[in-house]
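Below is one structure, written out as structure tokens; comments come after it.
Side chains included, hydrogens not; waters and symmetry mates left out as well; all remaining heavy atoms used.
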There are 2 protein chains.
Amino acid sequence: MEKARHVEDVHRNSKVDQEPFFPLVIIQFASSTKQAAITWLIAKLQASRNEGGAELTVQTMVMPHSDETNKEDDNSMETMLYIGASTNRLLLAAEMMEMKKLHADGRMREVVIHDLQSFQGSDDLSTFFTKGEKQKILLHEIEGVRAEPLDTNIPGYEQIRLYPGKSILKKYLSRGLVLQFYPLHDEEEIKRLGDEWYQYKKVFSEQPLDKIRNYFGEKIAIYFAFLGIYTVALFPPALIGIIYLVTFWKSVYREAIFAVFNLIWSTLLLEAWKRYSSELSYKWGTLNSSSASKIDEPRADYSGDLGRNPVTGNPEPVYPKWKRSCRFYLVSVPIISICLIVAFIVMLLYFWMQAWADSVYHSSGERWLYLTILYTPTIVYSVAIFIMNTVYRMIAKELNDFENHRLESSHENHFILKLVLFDFVNCFMSLFYVAFYLQDRTLLRSHLACLLITSQLIGQVQEAMVPYFFFKRRETQLAHAMKKSENLKQLDDRAEIDKAIQKQAVLEGTMSVYEGTMDDYLELFLQFGYVFLFSSAFPLAALWALLNNVTEIRTDAFKMCRVYQRPFCESASNIGAWQVAFEVIGLISVITNTALIGMDPTVQKLLPSDMSAVNIVLIFVIVEHAVLAIKGAVAYFIPDMPKWVQIELAREDYQSKQALQKERLSAANRKRQELHEISRPRMSSRSTEI
Amino acid sequence: MEKARHVEDVHRNSKVDQEPFFPLVIIQFASSTKQAAITWLIAKLQASRNEGGAELTVQTMVMPHSDETNKEDDNSMETMLYIGASTNRLLLAAEMMEMKKLHADGRMREVVIHDLQSFQGSDDLSTFFTKGEKQKILLHEIEGVRAEPLDTNIPGYEQIRLYPGKSILKKYLSRGLVLQFYPLHDEEEIKRLGDEWYQYKKVFSEQPLDKIRNYFGEKIAIYFAFLGIYTVALFPPALIGIIYLVTFWKSVYREAIFAVFNLIWSTLLLEAWKRYSSELSYKWGTLNSSSASKIDEPRADYSGDLGRNPVTGNPEPVYPKWKRSCRFYLVSVPIISICLIVAFIVMLLYFWMQAWADSVYHSSGERWLYLTILYTPTIVYSVAIFIMNTVYRMIAKELNDFENHRLESSHENHFILKLVLFDFVNCFMSLFYVAFYLQDRTLLRSHLACLLITSQLIGQVQEAMVPYFFFKRRETQLAHAMKKSENLKQLDDRAEIDKAIQKQAVLEGTMSVYEGTMDDYLELFLQFGYVFLFSSAFPLAALWALLNNVTEIRTDAFKMCRVYQRPFCESASNIGAWQVAFEVIGLISVITNTALIGMDPTVQKLLPSDMSAVNIVLIFVIVEHAVLAIKGAVAYFIPDMPKWVQIELAREDYQSKQALQKERLSAANRKRQELHEISRPRMSSRSTEI
């Protein structure tokens with residue numbers, strides 16, 4: 001109530017109507033969507049917050065439907081909503097979202113409207129928030145428009161039921177009534193950012209992380225920071241790889257030294273990253289926001305009976321934990337297990353086919369024609385891996401949605417777990433098979449090189465060629481979009497929208513959508529595995545990975561800026577479950593590398609010749625345990641945050657406590673003063689106060 | 001300043017002088033301490049806080065010196081200070097210390113003087129704090145009296161220099177000017193507690209943890225809670241041990257089943273304890289107080305140049321980290337390494353002597369007289385272990401003090417690390433030697449049984465007999481103390497002290513001092529190791545441990561209540577570094593048990609006979625890694641806090657945020673109101689406010 005009154009205050013005190021309208025996000029309806037549904041959504045977006053609306057500014061545009069098959073004889077129209085918000089609406093929402101901005105004291109603090117003047121950049125409130133922040137706020141507000149008890153279905157669609165508390169926009173999206181929901185790029189800003197980020201002369205300079213964060217949000221900035229750190233960390237092992245390649249130094253210690261170096265290096269890399277990411281997220285104000293995540297709102301897709309949040313007491317959908325556990329253990333686990341087994345069997349089939357092809361080839365006298373037979377298994381297996389990956393991905397997504405996680409973070413973590421498990425089997429299991437079952441070092445090296453290089457080539461093609469293709473296609477799209485945008489008609493002309501922005505919106509509607517950092521991390525994860533799991537077998541892996549990543553950073557950057565629709569900013573304070581995934585690979589690589597070295601006959605010759613095979617194995621087991629123990633100790637004793645971040649956090653804590661105490665004291669004094677004034681005649685009664 | 005003014009307010013508003021004086025803690029000076037030093041300390045304790053004093057109520061008593069050698073011809077007197085504080089002084093200090101009490105809403109909240117009426121039990125302020133809490137407050141305040149810049153030395157002692165910021169009382173204690181500083185028992189309370197805790201009919205009932213916590217503080221209560229949980233958890237393995245003993249079931253799976261059960265059981269025990277301790281500490285208001293520990297005050301013994309606390313900005317001693325690292329790596333690490341090596345060599349000597357004694361015994365025709373030679377090495381080794389333990393403990397304490405840790409917690413953790421490392425070598429290394437070097441299962445069993453049972457016997461003797469001895473000695477002491485207390489003379493008779501309490505203080509001054517939970521945990525740690533490290537070799541270990549602990553709980557309880565001086569209450573939210581120590585033992589026990597089972601010839605016979613020795617080893621290595629992975633996954637996926645505690649914490653967080661926001665809003669409204677009233681004539685100026 002207090003809040004609501006305050007909203008009105010803010011509105012009354014400002015000049016809402018004088019503000020020029022500037023659209024920030026676009027909602028594009030399907031051409032088949034009924035007018036009633038469109039009108040209803042617009043009304044919801046414009047309605048005041050007290051009525052469950054979002055209180056936003058919406059401009060509606062219509063244009064002829066663009067489906068080329070129907071040509072001009074189809075009279076259906078496409079509707080696009082251009083959505084913006086007044087500065088005060090944004091401020092209010094930012095306060096409710098507990099968004100952080102740079103305070104005058106140099107710290108990130110939660111925006112508080114009545115203390116706005118102490119925030120940096122608050123002189124001009126129209127630019128106080130970056131465009132990215134404004135769009136993030138709008139995303140939160142638009143997705144936060146939820147069905148009220150009386151909203152039983154979407155108008156015009158009897159069959160699309162709504163349940164109180166469900167996000168309305170999400171329903172429109174999942175039922176295909178809304179085709180797209182995207183924020184607009186900022187042409188000037190993106191040009192400046194691109195110049196600093198992916199120009200060729202900048203290949204060896206640092207990435208402009210702060211600017212990336214401002215434009216794309218913390219989550220994407222953290223990905224690029226990790227990619228950067230990881231790429232730099234690849235230099236030393238790549239250098240060693242080159243030295244080994246050039247010098248032809250043949251020593252039994254060669255591989256062992258490299259493996260030990262890599263083990264230490266990967267541990268230090270992951271520890272250093274933890275510290276660095278806590279520095280970044282402290283600077284960006286996202287550190288420790290995880291503690292607030294417990295009172296986070298549920299995902300917009302989360303479904304359940306309407307209940308109450310145990311923390312805030314607010315109404316929200318509630319889904320019992322045992323049901324989720326049932327779905328997880330009785331449905332997801334069995335299906336995933338089957339997928340893993342299938343992948344494993346396909347791998348066995350591949351090796352079996354390969355052995356058969358080898359024998360046919362050799363028994364045929366190694367004739368040229370039979371080469372086709374020799375290479376068929378590999379080709380078939382590559383295709384099979386690709387197909388399995390694609391199919392599994394769809395299955396994993398379905399299962400994950402089915403599990404109905406409440407928080408975005410646990411939804412994402414479970415998805416990562418599913419992907420990592422499968423990709424581990426699908427991509428690494430064949431290496432384990434070659435290394436420890438076939439025990440064929442030469443095959444291991446060639447197989448590893450083959451897997452690493454092909455996966456990187458495919459990645460590069462996907463990431464460089466596909467955008468090129470898109471770019472080509474875009475030229476025709478551009479022409480088409482231009483033509484379309486000529487026909488744009490503004491339904492509501494209270495506020496005029498700049499023609500250029502109208503066009504921009506249509507054009508960006510044709511761009512492909514960035515699917516999140518998941519795939520990028522997965523690619524790095526596989527690469528990390530290829531480089532570190534069997535590094536003693538193929539020291540050049542780091543060099544290949546390095547070459548790949550140096551270009552990867554810049555092509556990824558180009559894609560982010562030029563190929564994709566702008567994504568909404570998301571906050572993040574670290575790489576989340578990926579940290580665990582990388583650390584597990586680090587642990588496993590200790591085992592694999594000690595085993596590889598232990599199995600090396602040249603190394604075994606170094607040991608006393610009267611040593612039994614069992615003792616040799618035991619020695620390597622002991623070494624492995626020692627390395628694991630050291631790794632564990634290093635990870636335990638290196639603090640996850642640099643000292644200065646710890647001190648800053650403690651200081652913030654201390655200062656807010658001090659402030660709170662002071663406020664309480666002055667409140668108490670005020671109270672006493674008031675009591676004093678009221679009860680001046682009977683002074684003695686005061687002694688009962690304490 | 002604000003604070004200081006408030007103090008005076010509190011003082012003025014209450015009836016300080018009418019409050020009866022009740023002594024809570026005692027300071028006993030040495031008889032040789034010069035009067036100037038005594039007078040100065042008393043003045044400091046009584047001086048107002050603005051003058052750097054503690055503002056406490058102090059009564060001075062003197063009595064003839066009790067050293068029996070000097071008899072009555074020595075005229076020197078012993079001085080004892082009986083210290084108490086007014087209720088308001090206690091309240092104020094509690095607020096400054098952020099002490100938590102039960103709020104009307106059922107939560108533990110920090111005491112806020114102006115909101116006192118919302119705390120439970122605040123109707124009678126004299127009993128609002130328990131005696132234990134009052135003593136804890138006094139400890140904090142008395143130790144918190146620090147030297148001011150002008151205090152260069154202790155009056156009467158030119159050579160005892162003081163540095164600004166150093167705790168004065170600590171200096172008196174370390175220089176022997178103050179003999180003892182202890183709180184007084186509460187006779188009624190301790191009788192009630194004892195009846196519920198250690199009476200024989202209560203052996204199988206739960207411990208009264210809440211009451212223990214109220215009387216002895218969270219740290220001791222947490223120890224007894226852990227001891228209780230651990231003892232209960234020993235029942236199942238002890239039962240299996242009995243079944244094995246009785247049934248004589250001879251199967252090759254026997255040991256394997258038991259070992260696997262124990263591995264799972266120890267993991268679950270430690271995870272369950274983590275959850276249980278977070279429940280307890282949530283209930284007691286100490287959970288998450290660790291986050292505040294970063295702004296904790298330095299230990300009273302901490303020394304360094306006077307600088308500023310980076311968090312609070314207050315002056316305090318500062319000791320650079322690199323110096324501490326130097327001391328740690330250049331002094332502590334080498335000395336400890338030498339100690340470890342010495343312990344290891346002594347162990348080797350023992351086995352060498354034992355082998356020699358065996359051969360002499362056998363070659364002598366196993367004659368009766370030579371039995372003495374057979375048992376000499378074991379006796380010598382036991383004595384050597386005892387001596388090494390005692391010596392090492394002194395060394396470790398010196399080194400730890402020398403390292404000069406700032407926080408009590410890190411001081412303690414480093415001491416635990418030192419003790420655990422040495423005791424691991426001193427107590428467990430001989431078992432490893434027998435198990436894996438000599439590979440003698442029979443010897444391992446007897447050696448383990450011998451170590452476990454003797455260590456428990458020694459423990460029981462120390463803990464049951466020594467108190468008995470003390471009790472005997474106490475009777476003469478009692479008589480002596482009685483005689484002494486007859487001669488007590490109150491120097492300052494503003495407030496009369498009850499004669500019974502005068503006597504109690506003298507009597508408790510003769511009781512022995514409880515040295516903290518360190519030894520108790522160390523004993524449990526060693527026992528945990530004996531039970532779980534080689535459980536497949538000696539299944540009866542759990543039974544012995546169980547029998548020991550069932551009596552241990554009650555004798556420990558008796559000691560706490562009747563034998564020792566009352567300790568000051570200390571807060572704790574968990575068992576700290578001990579959790580890690582126990583978990584490491586859990587990890588190592590996976591390795592030792594798999595190895596033991598793998599080495600068992602009867603188990604090896606189960607495997608296909610054509611399997612090579614290397615493959616057998618590899619199978620067990622794989623099994624071991626699988627068990628470790630499962631253990632890791634279990635520990636990772638079981639949340640450290642029960643769901644309800646998480647929700648409660650989140651709710652607290654949410655509510656305090658809501659309250660803060662509300663307060664800010666109303667402050668803003670007030671401000672606006674004021675502005676409005678001031679600037680009523682020029683209304684338009686308000687639009688610039690936002």
Mind checking which of residues 583-595 of chain A sit less than 4.5 Å from chain B, heavy atom to heavy atom? A:Ile591

Please name all residues satisfying salt bridge (Lys or Arg N to Asp or Glu O under 4.0 Å) with B:Asp105, sequence neighbours left out, ordered by chain then number. B:Arg109

Interface residues of residues 618-628 of chain A facing chain B - non-hydrogen atoms under 4.5 Å apart: A:Leu618, A:Val621, A:Glu624, A:His625

Using a cut-off of under 4.5 Å for heavy-atom pairs, which of B:Pro310, B:Gly632, B:Ala629 has the most such pairs with chain A? B:Pro310

Name all residues meeting the side-chain contact (heavy atoms from CB on, under 4.5 Å) criterion together with A:Tyr329; count only those two or more places apart in sequence or in a different chain, and write none if there are none. A:Ser325, A:Val333

Identified side-chain contact (heavy atoms from CB on, under 4.5 Å) partner of B:Val311 from the options A:Arg651, A:Glu652, A:Glu648, A:Gln646: A:Arg651

Of the backbone (N, CA, C, O) and the side chain (C-beta and beyond), which part of B:Val614 lies under 4.5 Å from a heavy atom of chain A, both, or neither? both

